[in-house]
Peer 1: 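Have a look at this one before I ask anything.
Per chain, numbering begins at 1; letters A, B, ... match sequence-line order. The basis for the numbers below is simple: all heavy atoms, side chains too, and nothing from hydrogens, waters or symmetry mates. Just so you know, these numbers come straight off a predicted model, no measurement behind them.
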Amino acid sequence: MISNTLLIKILNNIAITIKENKEYLTHLDSVIGDSDHGFNMNKGFNEVRQKLEPLQNKDCGTILKNVAMTLISKVGGASGPLYGTAFLKASVVIKDKYEISEKDSIKMFDESIKGIISRGKAKQGDKTMLDALIPAYQIYKDSINKGNSIEIAISQAQKAAYEGVEYTKTIKATKGRASYLGDRSIGHQDPGATSSYLILKSISDTLNNINK
Amino acid sequence: MKKIINNPENVVNEMLEGIVKAHPKYVRRIEGTDVLVRKTSPIKGKVALVSGGGSGHEPSHAGFVGKGMLNAAVSGEVFTSPTPDQVFEAIKAVDGGKGVLLIIKNYTGDIMNFEMAEEMAELEDIKVKHVVVNDDVAVEDSTYTSGRRGIAGTILVHKIAGAAAEEGMSLEDVQRIAQKVIKNVRSMGMSLSSCIVPAAGKSSFELEEDEMEVGLGIHGEPGTHREKIKKADEITKELLDKILEDIEIKKEDEVAILVNGLGATPLMELYIMNRHLHKLLNDKNIKIYNTIVGNFMTSLEMAGASITILKLDDELKQLLDSIADTPAFKNI
């Protein structure tokens, strides 16, 4: 179970994680993309962080919807619409709720991924954030269905996402700007998959009280 | 990084302020946005054209806001698509009741953000359609890529679709014309040096003194392959050959050509390329109806050039000839 207060803390920590990894994400993007991923993500999540304070006592759906709209209007590039759509779809699942249940969390994860697929028209194996998110979701869903807590499931999911990021090094990009490189994109990890992994890791670290 | 800037985070805003000060007869800025529109927007009874994309390609796209071309240009961060709310503001500001055509370059981010803006406009009952420019032959259009990139050929789409809108054509017809240009336009580029995104602070890639990158993108993304630098005539031929492999242009066909600089290449070198491009096309008995040389779709301080060929018919010729009066493109 995740309360609205805990949700705010998670979002705040995601913003901090993105800030800490701004240069790293930009570097990854400069190799196979256009060098803006870290900068734009940080810009968006920094804005998100500033909006969290007045949302403290709101329901979880309202909080996530505000995050989504902020990302859509501040990030730009491909990441803005994709992450914005993901948070927007997740927010619908928990509309008017002050607590997120295990069952809700599976649905939120699922809806987010569906939103990213329909907005970005990509699939697993295209060397995108989906290569981190889809395996993470599958592990997460199985783990919760086995009766594990959100804390345990998300910890397993972020490990799967990490493996997904590693997998992106082995494949050729077929979506997004890196696709123009063809074979030359092989060997490099995908910046979008990496930021997705960092977000899941940040959620896991917050829920498991690591470092924060 | 050596640049005449104040703060990397303010480059787009400060550039737009400078553009408005330079061209007050042509453009004004929609307050609180990064949207420049024609001074007299909205224009009643005409289809409006909205283009845009990441900044760093100046004079694209704000430089083409004016009579016979664009009604609005939306500027994103450097090499980053503008957000949907900004594009939506542009649509609202220029809609004169006859609908709005969005001219999008084929990049994943641009398409998603512009499509979201289109969805927002539809909710407010504004008629919007879009076209996607994908003229770059360096990238194969296959299932392994998200299609070809949109590069300098976009300027010709602006010019010709802009002329169609100026003549009072319907949204459907302006879209049809724009699509006809897209179907018949091809570009291919090369670069001699990379560029520095202000926020990144360092070069996007490195090239040795004697190397050139062929088939580059306009965002500092590397090209399809690297070669030893060649003479201007050989480079021109290599780019043209790649274009002609891709589009059938027969003897006696008429074309418009655009030799575009990427930012740091002197006009002298563009004219040297243009001279040989004319010879190559003449040798093939392809008729050059119109020649445009200059820096239209740049990539910050990248050195290099692209060649664009547009196959013409009578309708496109007439629209290409009509008046355009914008800060960066004039046909008077």
Peer 1: Which heavy-atom pair separates A:Ile72 from B:Pro84 by the least distance, and what is that distance?
Peer 2: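 Residues A:Ile72 and B:Pro84, closest heavy atoms: O-CD, 3.4 Å.
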
Peer 1: What's the spacing between A:Lys121 NZ and B:Thr108 OG1 if we round to 0.5 Å?
Peer 2: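 If I round to the nearest 0.5 Å, the distance is 10.0 Å.
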
Peer 1: Side chain from CB out, backbone as N, CA, C, O: work out which of these in A:Thr85 comes under 4.5 Å of a heavy atom of chain B, or both, or neither.
Peer 2: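 Side chain of A:Thr85 only, per the 4.5 Å heavy-atom cut-off to chain B.
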
Peer 1: Looking at B:Glu115, B:His219, B:Glu9, which makes the most heavy-atom pairs under 4.5 Å with chain A?
Peer 2: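 Maximum pair count with chain A is reached by B:His219.
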
Peer 1: Taking CD in A:Gln56 as the centre, count heavy atoms belonging to other residues, nucleotides or ligands within less than 6.0 Å. Is the count above 12?
Peer 2: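 Yes, CD of A:Gln56 has more than 12 neighbouring heavy atoms, counting only those of other groups under 6.0 Å.
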
Peer 1: Roughly how far, to the nearest 0.5 Å, is CG of A:Leu82 from CG of B:Asn113?
Peer 2: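 Spacing of CG (B:Asn113) from CG (A:Leu82) equals 9.0 Å.
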
Peer 1: Output the distance between atom NZ (A:Lys43) and atom CD (B:Glu77), rounded to the nearest 0.5 Å.
Peer 2: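 The distance works out to 3.5 Å.
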
Peer 1: Please check if atom NE2 in B:His130 has more than 12 non-hydrogen atoms from other residues, nucleotides or ligands closer than 6.0 Å.
Peer 2: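 Yes, enclosed.
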
Peer 1: A:Arg119 vs B:Glu119, test: salt bridge (charged side-chain N to carboxylate O under 4.0 Å, His left out). Steps then yes/no.
Peer 2: CA-CA 12 Å; A:Arg119 180 62 64 197; B:Glu119 289 162 19; 3.2 Å; yes

Peer 1: Around atom OH of A:Tyr137, are there more than 12 heavy atoms of other residues, nucleotides or ligands at under 6.0 Å?
Peer 2: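 For A:Tyr137, atom OH is crowded (more than 12 foreign heavy atoms under 6.0 Å).
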
Peer 1: Is B:Asp85 close to chain A through its backbone or its side chain, or both, or neither, when contacts mean heavy atoms under 4.5 Å?
Peer 2: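 The side chain, not the backbone.
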
Peer 1: Mind checking the CD1-CE spacing from A:Ile116 to B:Met112? Nearest 0.5 Å is all I need.
Peer 2: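 Output value for this atom pair is 10.0 Å.
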
Peer 1: Please check if atom NZ in A:Lys19 has more than 12 non-hydrogen atoms from other residues, nucleotides or ligands closer than 6.0 Å.
Peer 2: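 No, the 6.0 Å shell around NZ holds no more than 12 heavy atoms from other groups.
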
Peer 1: Using 0.5 Å steps for rounding, measure from the OG atom of A:Ser30 to the NZ atom of B:Lys202.
Peer 2: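 One gets 6.5 Å once the value is rounded to the nearest 0.5 Å.
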
Peer 1: Answer yes or no: does atom NZ of A:Lys103 have more than 12 heavy-atom neighbours from other residues, nucleotides or ligands under 6.0 Å?
Peer 2: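 No, NZ of A:Lys103 has 12 or fewer neighbouring heavy atoms, counting only those of other groups under 6.0 Å.
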
Peer 1: Looking only at heavy atoms, what is the nearest atom pair of A:Arg184 and B:His225, with distance?
Peer 2: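 Minimum heavy-atom separation between A:Arg184 and B:His225: NH1-N, 3.6 Å.
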
